[in-house]
J.: 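Pasting a structure below so you can have a look.
All chains are named by letter (A, B, ...) in the order of the sequence lines, taking the proteins before the strands, and each is independently numbered beginning at 1.
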Amino acid sequence: MQLISRMALTLAFAGSAMAHADSLPLHDAQLMAHPPDKYWDESLSGGPPKDGIPSIDDPDWWTAERGNDFLSPDDRIIGVFLNGEARAYPQRILVWHEIVNDTIGDDAVSVTYCPLTGTALGFLRGANEFGVSGRLVNSNLIMYDRGSDTYWPQILAAGIRGPHSGEGLTQIRVVWTTWDRWQARHPETRVLSDNTGYVRNYRRDPYGSYTPLSGYYVPDSFPIFPVMHRDERYPAKEEIFGFRTSSGAVAVDMDHLSEQGVLTHDDGSASYLILHDAELGTAWVFRGMPDTVPDSDSIHFGPAGPEHPALGDLEPIHGFEAMWFAWYAFYPDTVVLDGES
Amino acid sequence: MEKAEARPRLPALLGGLTTGLYVILYLYAIDDLSLADRADFTVILGSVPLERALEARGRFLFEALGLIQLGTVVLLLSPLNLAIGALLGGLLGANVHGIASLQSGGRACAMPRGGQAGALSGSLPALLAGGACCAPTLLLIGVPGIAAVAGLLPWLLPLSLLLLIVSRFWLRRQGAPPLLRRHSPNLA
């Protein structure tokens, strides 16, 4: 199924490449609560100009062993496992750059991180590169692609201004976890080095700290930019795991998922299986439902994620961790899976 | 005036100290001077091309060419940021020099707090214009209600420049000595 999806994507990509010189792998936008123009109208300058926060376009790599000199075990990293390769992108580097234009195997990808919403997402980029526009909507990074100059809020993963307005980017799964957890799962991982082409104090996070939590990242601290929708069910910066499809958005309470191990959800048009990955501290989502829901103890986690015979025919859905205020600001109709609602 | 001429070095000393302190404050405000979470002794030079020094990372903020870390103190070496800091610090120092000269010359009553107010109002905006990564410092420290004008904050720097220049001219008109004098037998 995954292979067929991938082939369809490749064909779509080929068709798209003929239509657009910038050859971004695109599809219909997944879910937007408002028309694209509305997001642009609500966007504002975060301060720096376009590319004032420079993306890393020529990434350099360390071995995991060398990475240990730079990273503490509980340092946050953004992990990607693609085409048989594992890569770790330290949060303490991405906080200064927000986008890495990388190539993993045959896939050109952009690994993106927005410190203000605590979101890490990856996208296929074709022959294109993404840059930081300097604008924000709902505090979220608005990227732009250097081929068509379309503007893309990271969480929406959809164009809101420019030639590809209303179209969606193709996501890849990235994992928001800690260095020791990622290294335990991927001992051969490579690590993005601090040879970024720019000089920064990578031993300082201008927003605060994740270890221990301080500054901007404290859950009940306030977001600093205006948002389109507010909700106080959780502290503003409480971390939830969110996924969205064309039919709706779902926020998973990670404490609830951790207790249950496995959750199911039916939105009326499709069923979803949500698995807790205790080793990485994240979740994996599949569309479809096996005849028998697997017990969490029977699921093995390999380099590419959960492995179980019952998952074979299910379609992976890419979700990501996000601060609650940001998720709700983009998806005010979100379902919350917390065992109570 | 005799008093001013008898102690010509004090205003210059105060002006110089102010300049130095302001440059440090300015570099801290724009994040070119910061603390690291781990002590180290490192000098990084030559890892980026020289033309990077002209690349803007914000309005009136430029990229660094190198880094010096002494313990937990980290200084980014950005020639243009250092030049801007030195210009602002120099102007503030010139204002302090003017105020100190007038005061030591017994002319304080001739500038009823105007000189101090001018120098202070000129020195602050540039410190507030500094930005961290993707948000100005003012927002990160939680000053409410200014997010909507975040894009305008960098313009506080030229405002600083203008206020400090106007303030120094005003002090000169009040009788403050020029910064550079022709050779005078009284000072020889």
Side-chain angles (χ1 to χ4, degrees), chain A residues 42-54 60 69-72 75 92 94-99 113-117 132-136 139-142 193-211 214-216 218 221-227, chain B residues 30-40 42-49 52-53 55-69 72-78 129-155:
Chain A
E42 294 287 333
S43 74
L44 46 77
S45 168
K50 203 171 185 177
D51 285 325
I53 297 171
D60 186 49
D69 295 337
F70 181 72
L71 292 168
S72 300
D75 272 353
R92 58 171 67 245
L94 259 66
V95 75
W96 293 104
H97 297 280
E98 303 194 357
I99 296 176
Y113 169 65
C114 176
L116 295 179
T117 53
V132 179
S133 74
R135 297 190 71 80
L136 304 166
S139 286
N140 186 226
L141 153 71
I142 300 182
S193 89
D194 65 358
N195 181 22
T196 60
Y198 294 87
V199 180
R200 294 286 186 278
N201 178 4
Y202 293 118
R203 299 237 55 97
R204 174 177 176 266
D205 182 330
Y207 303 102
S209 164
Y210 273 100
T211 51
S214 69
Y216 180 84
V218 172
S221 63
F222 289 101
I224 50 182
F225 287 97
V227 293
Chain B
I30 64 171
D31 229 31
D32 275 14
L33 183 65
S34 57
L35 296 177
D37 63 358
R38 189 188 288 175
D40 201 354
T42 311
V43 177
I44 299 174
L45 276 175
S47 66
V48 297
R52 183 128 298 156
E55 287 181 20
R57 65 178 167 92
R59 219 175 284 279
F60 313 115
L61 286 173
F62 296 89
E63 288 289 348
L65 294 180
L67 174 152
I68 297 174
Q69 180 172 358
T72 56
V73 178
V74 177
L75 173 65
L76 301 188
L77 302 173
S78 164
C133 199
C134 75
T137 309
L138 273 184
L139 296 181
L140 294 181
I141 61 175
V143 177
I146 58 168
V149 295
L152 299 178
L153 290 178
W155 293 100

J.: Where on B/Ala56 is there a heavy atom nearer than 4.5 Å to chain A: the side chain, the backbone, both, or neither?
T.: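 For B/Ala56, the contact with chain A is made by the backbone alone.
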
J.: With distance as the sole criterion, is a donor-acceptor pair present between the side chains of A/Arg204 and B/Ser34 under 3.5 Å?
T.: no

J.: About how many Å separate OG1 of A/Thr196 and CG of A/Asp60, when rounded to the nearest 0.5 Å?
T.: 9.5 Å

J.: Can you say whether B/Leu35 sits under 4.5 Å from chain A via the side chain, the backbone, both, or neither, judging by heavy atoms?
T.: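 For B/Leu35, the contact with chain A is made by the backbone alone.
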
J.: Using heavy-atom distances under 4.5 Å, tell me whether B/Leu65 contacts chain A through its side chain, its backbone, both, or neither.
T.: backbone

J.: Do NZ/NE/NH1/NH2 and the carboxylate oxygens of B/Asp37 and A/Arg92 come within less than 4.0 Å?
T.: yes

J.: Using only atom types and a distance under 3.5 Å, with no angle test, would you say the side chain of A/Arg135 pairs donor to acceptor with the backbone of A/Ser43?
T.: yes

J.: Taking 4.0 angstrom as the limit, do A/Asp194 and A/Arg203 come out as a salt bridge?
T.: no

J.: Side chain, backbone, both or neither: which part of B/Arg38 has a heavy atom under 4.5 Å from chain A?
T.: both

J.: Which bit of A/Ser221 comes within less than 4.5 Å of chain B, counting heavy atoms only: side chain, backbone, both or neither?
T.: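 It is neither, since no heavy atom gets under 4.5 Å.
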
